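Report on one structure; see the data block that follows.
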Amino acid sequence: MNPGDGKYNFSDIEKKWQNHWEQNKTFSVSDESDKPKYYVLDMFPYPSGAGLHVGHPEGYTASDIVARYKRMNGFNVLHPIGWDAFGLPAEQYAIATGTHPAKTTQTNIDNMRRQIKSLGFSYDWNRQVDTTDEKYYKWTQWIFLKLFNSYFDETEQKAKPISELVKKLESEKLYVTPDGLLIASDPIQAISGEPIGAFKWFELDNQQQQEFLDSQRLAYEANVPVNWCPELGTVLANEEVIGGKSERGGHPVIRQPMRQWMLRITKYADRLVDDLELVDWAHSIKKLQTDWIGKSTGAEVDFAVDGFDETITVFTTRPDTLFGATYMVLAPEHPLVNVITTADKKKAVQKYQTAAQMKSDLDRTDLSKDKTGVHTGAFAINPVNNKKIPIWISDYVLISYGTGAIMSVPAHDERDHEFAKQFGLEIIEVVKPNNDKTIIPCFTGDGVAINSGQFDGLGTDEFKKQITEWLEDRAIGKKAVNYKLRDWLFSRQRYWGEPFPILHKEDGEIVALDESQLPLTLPEVENYAPAGTGESPLATIDSWLNVTLPDGTKAKRETNTMPQWAGSCWYYLRYIDPQNDAEPWNEEKEKYWMPVDLYIGGAEHAVLHLLYSRFWHKLLYDLGYVSTKEPFKKLINQGMILGSDGQKMSKSRGNVVNPDTVIANYGADSMRLYEMFMGPLEASKPWNMQSVEGVHRFLTKVWRLAIDIDTGRISSSVIDSPADEQTIKLIHQAIKKVGSDIENFHFNTAISQMMILTNHLVKLDSVPKQALKALIAILSPLAPHIAEELWQKLGEKNTLAYEPWPKYDELLAKEKQLELAVQVLGKIKDKIVVNADADEEQIKQIALASEKVTAAIAGKEIKKIIIIKSRLVNIVTE
RNA sequence: GCCGGAGUGGCGGAAUUGGCAGACGCGCGGGAUUCAAAAUCCCGUCAUGGCAACAUGGUGUGGGUUCAAGUCCCACCUCCGGUACCA
């Protein structure tokens, strides 16, 4: 061995321990243990061709530190990783090159796995999941079948098997109304015997029964408007449409209804809001979800159309402003538009409807600074005062919210106000502010009713209550709730996704595959491009598409595939029992591991992924497959890592940092430490390569503290003798602070504290072995490779991974002597040193004895002396 | 526009939640070691004035509460993130 050979060789050390952990299956975790469980989950990555980005390891490092810390504290820790591997990039690459997406995906997974492994995370690699693996998506399809075969029981507010609904219908506990609603045959509900106009189950023919059941399923088919590009022969996502043209090629895109699969997430809207109370998430994320769901309470009101039998129902949150409704607006797509439009207006209305159809949802909002609209020529009757009000159409009213129609109160709604100004419509004020005398042009707040007949003088809340009753008494309105949340459009016209386990019979009947027929795997195709008919490439594979059922009838497979969200909706459950081929997970194991104790991931998934998986979880809960109402107990969103220029990292800016480079130059431990040292986990912060060097220097310092770099053996200055008082104090302070900082996710200050301890230890002539061991132990969750290596060099045989977290003594961590600031009127005049156990009187005497203090208070009267033990003394003078 | 979050040295950030502002790290300046360099170590580093002890000011801006404010209250400015006519 040559001088210097024993220096900190991170590459060898890190490789050595990564191999050691792998070969010894150090982090493979058992489902049976006496220890308390702890489930730490990372948002699993999409295996992109670009590989890992420095943003990924931030969350992964944080969760790994917690996982390792919890292991050392006696928990049985489940810490898995997997691959969210369906996705557009692999499919686009397939369209361009003909390479099977599975092949691209596998290459990318291999690369990303190598990168993740090179960071030394303590994942249980036996539990990897891959959403594109048919052994995995078999169960994604299984959950889809659960959705398809369930309905939502409104009275119990939970999902139930649709077979139970059939039983209730057959036994005539429920009837079906002509407009497809369920009503109870219960005598309380239907006082005078049989509900009028409702059908008993046997009164419906087979097709009607099927149609009715389909209308109740949590997964259903519907015609919904999509971005259809005839030129490209495909449906486009909203992001792929720019200014009404396709992003690629610039071809026109129209909003066209097409057959799509939908999931009835809206049935869970209330529970998705209410159960946020049960989880420990950042307030801002909860609010984001609540706003997304957008529950609003108000009333539905029927307006008669003058000269027609039809009525138009509107939804309003302000029924108290009914007297101010001076006109009405329908969405251009509203079905009654064509019925009520007068002959002289037909042309203009149709022109407007076509124009609206050409615009995407985004354009309808973004580009229109001025309100547009057309009068239909028809009039409605305001039910509160029988006034005739004009009916307009305008694209500021959305067909997909509420009833697709509004009553317009231009005096108290900004959008209506703007519209009325634009077209010179009447504005009547019906609310005045509570205390304000001045009339505000468009007052949208609560106040007191005016110009509202017998309701004048009522406060907004009271008015709402009374008018709703008034409407209900006359059967022209009722209380109603609406949500911004829409049913989830669940189908994509793509190849690279989970196929739906659904068959369409020739007579139109929809049949689900039996669970025993799963998985329904993807066929091989020649060409990955869309079929051109709005269908996926699957529609072009006749051998896969056409099926003959056992009874001889012919059917076609569903050619849509599921969106990328599907696989990520439940992966945290599969980790619990990833090899199980008989069921998605074992019940006992689920009870043991769930819920996820800590979930770390990017804030970009704050709404959709978390909402969708909560929805699926609630379905599974209702059906008895999972034991918790909510899947994720605690959620942390790591902030974004920016380039050194403070900008978002991107190829075009040339500020992307590749983790491989950092690991090659400084090692995984330095990388991990730096990611955590940058600042608070949840904040976004810029990368600075020089600071990486800083934490690297710290690790080198720890290494030299323990190791003689010439021999590579434990340094002769490390001795087995008791530490001095100061050292003991710093050790105990460090154990305490690092532990509590990890529990609170303050990794940056935990590292600072270890630096303080190390800076002290290197100054000592001899290093007490116990001090060194404590430092290594508390460093190990953050920088596990160097810690394991030093631990071993100190003669320890076992991995540090399950070594108990060092204990600290509160008394020993305390300062014996305290330095207090002495202030006069809040300004520091001097500092004094007192014993930690000094009482207030003693502190006072010492403080007043200070020359600088006596000088400062000379000639003044002392009014008060404030003593904050261990902090300061403040002398208040006249 | 609306809703969140944040503004602290040259930079990243600390500050027991109302109690010594700037911990820790980067950078920078000076020094030691070295033939020299790298590495390492030591000293300094908020601003202004002063050789210095020290004094004064200082946490986006303006006001307020308090013995005491980065922290609490009111108004405003800037940046970042989300959202987009949801009646």
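Quantities reported herein were computed from a predicted structural model and do not represent experimental measurements. Each chain gets a letter, A, B and so on, in the order the sequences are listed, and its residues count up from 1.
- Comparing the C1' positions of B:U34 and B:C41 gives an interatomic distance of 13 Å, to the nearest angstrom.
- Side-chain atoms of A:Lys852 lie closest to B:C54 of the nucleotides B:C54, B:G13, B:G19.
- With rounding to the nearest 0.5 angstrom, the OG1 atom of A:Thr700 is 10.5 Å from the NZ atom of A:Lys7.
- Side-chain atoms of A:Asn759 lie closest to B:G25 of the nucleotides B:A87, B:G13, B:G25.
- Taking atom P in both B:G62 and B:A69, the straight-line distance is 16 Å, to the nearest Å.
- A close approach under 4.0 Å does not occur between any side-chain nitrogen or oxygen of A:Asn874 and OP1 or OP2 of B:G19.
- Going from the P atom of B:G22 to that of B:C46 covers 9 Å, rounded to whole Å.
- Among the heavy atoms of the strands lying under 4.0 Å from A:Leu872 is at least one base atom, whether or not backbone atoms are also near.
- Taking only distance into account, the side chain of A:Lys863 never meets the base of B:C67 through a donor-acceptor pair shorter than 3.5 Å.
- Put simply, the side chain of A:Asn744 gets close to the backbone of A:Ser740: a donor and an acceptor are under 3.5 Å apart.
- Distance CG/A:Leu872 to CD/A:Glu819: 11.5 Å, rounded to 0.5 Å.
- Residues A:Thr326 and A:Ile427 are not in side-chain contact: their nearest non-hydrogen atoms beyond the backbone lie 4.5 Å or more apart.
- Comparing atom distances between the A:Lys763 side chain and each of B:A23, B:A87, B:C42 picks out B:C42 as nearest.
- Separation of the C1' atoms belonging to B:G25 and B:U33 is 24 Å when rounded to the nearest angstrom.
- As rounded to the nearest Å, B:A23 and B:C11 have P atoms that lie 15 Å from one another.
- Taking atom C1' in both B:A6 and B:U71, the straight-line distance is 14 Å, to the nearest Å.
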Task: 5'-to-3' dot-bracket of RNA chain B (Watson-Crick, G-U; under 3.5 angstrom; crossing pairs as [ ]; | other strand) - done: (((((((..(((......[....)))((((((.......))))))((((....))))..(((((..]....))))))))))))....

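- Counting only heavy atoms from C-beta on, A:Lys648 has its side chain closest to B:G81 among B:G12, B:G81, B:A23.
- Atom P of nucleotide B:A87 and atom NZ of A:Lys464 are separated by 11 Å, given to the nearest angstrom.
- In this structure, A:Lys737 and A:Arg486 both approach RNA chain B, and ranking their closest nucleotides by distance from the 5' end singles out A:Lys737.
- With sequence neighbours left out, A:Lys484 forms a side chain to side chain donor-acceptor pair (under 3.5 Å) with no residue at all.
- Using a 4.0 Å heavy-atom criterion, one finds that A:Glu414 contacts no nucleic acid atom at all.
- Defined by atom type and a distance below 3.5 Å, a donor-acceptor pair is missing between the side-chain atoms of A:Lys736 and A:Gln733.
- The neighbour count for A:Glu414 CD, taken as heavy atoms of other residues, nucleotides or ligands under 6.0 Å away, does not exceed 12.
- Side-chain atoms of A:Lys864 lie closest to B:C67 of the nucleotides B:A23, B:A87, B:C67.
- For A:Thr749, no side-chain nitrogen or oxygen approaches OP1 or OP2 of B:G13 to under 4.0 Å.
- A 4.5 Å side-chain heavy-atom check between A:Phe419 and A:Pro410 finds every atom pair outside the cut-off.
- The listed nucleotides are B:C26, B:U83, B:A87; the one nearest the side chain of A:Asn688 is B:C26.
- Here the closest heavy-atom approach between residue A:Thr460 and residue A:Gly447 is recorded as OG1-N, 2.8 Å.
- Between the side chains of A:Asn688 and A:Ser644, not a single donor N or O lies within less than 3.5 Å of an accepting N or O.
- Across B:G10 and B:G5, the matching P atoms stand 28 Å from one another, rounded to whole Å.
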Close N or O pairs between protein and nucleotides 3-8 of chain B (under 3.5 Å):
{"unit_1": "B:C3", "atom_1": "O2'", "unit_2": "A:Lys287", "atom_2": "NZ", "d": "3.1"}

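- With B:A87, B:A23, B:G12 as the choices, the nucleotide that has an atom nearest any side-chain atom of A:Lys685 turns out to be B:G12.
- Taking only side-chain atoms of A:Ile756, from C-beta outward, the nucleotide of B:A23, B:C67, B:A87 with the closest atom is B:A23.
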Contacts under 3.5 Å, N or O only, protein and nucleotides 27-32 of chain B:
{"unit_1": "B:G27", "atom_1": "OP2", "unit_2": "A:Arg697", "atom_2": "NH2", "d": "2.9"}

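- Looking at which nucleotide of RNA chain B each of A:Gly679 and A:Lys831 is closest to, the 5′-most match is held by A:Gly679.
- Distances shown here put a side-chain N or O of A:Arg704 below 4.0 Å from the OP1 or OP2 atom of B:C41.
- In this structure, CD of A:Gln733 is placed 17 Å from P of B:A23, rounded to the nearest angstrom.
- When the P atom is used for both B:C24 and B:A15, the distance is 13 Å, rounded to whole Å.
- A distance-only check finds a donor-acceptor pair linking the side chain of A:Thr376 to the backbone of A:Ile391 [under 3.5 Å].
- With rounding to the nearest 0.5 Å, the separation of CG in A:Leu485 from CD1 in A:Ile265 is 5.0 Å.
- The closest side-chain heavy-atom distance from A:Val873 to A:Gln823 is not below 4.5 Å.
- Distance from the side chain of A:Pro680 is smallest for B:A14 among the nucleotides B:A14, B:A87, B:C85.
- Proximity of a side-chain donor or acceptor of A:Asp416 to a complementary backbone N or O of A:Val409 within less than 3.5 Å is detected.
- As judged by a 4.0 angstrom heavy-atom cut-off over every strand, A:Thr700 is placed among residues making no nucleic acid contact.
- Contacts between residues 820-830 of chain A and RNA chain B, defined by a heavy-atom separation under 4.0 Å, are made by A:Ala821, A:Gln823, A:Lys827, A:Ile828.
- Here ring pair (Phe, Tyr, Trp, His ring centres under 6.0 Å) pairs that include residues 686-707 of chain A, with residues two or more places apart or in two chains, are A:Tyr8-A:His696, A:Tyr8-A:Trp703, A:Phe10-A:His696, A:Tyr666-A:His696, A:Tyr674-A:Trp687.
- Minimum atom distance to the side chain of A:Ser691 is reached by B:C26, of the listed B:G13, B:C24, B:C26.
- The CD atom of A:Glu300 sits 11.5 Å away from atom CG of A:Leu471, with the distance rounded to the nearest 0.5 Å.
- Both the sub-6.0 Å distance and the 45° axial angle are satisfied by A:Lys371 relative to the ring of A:Tyr396.
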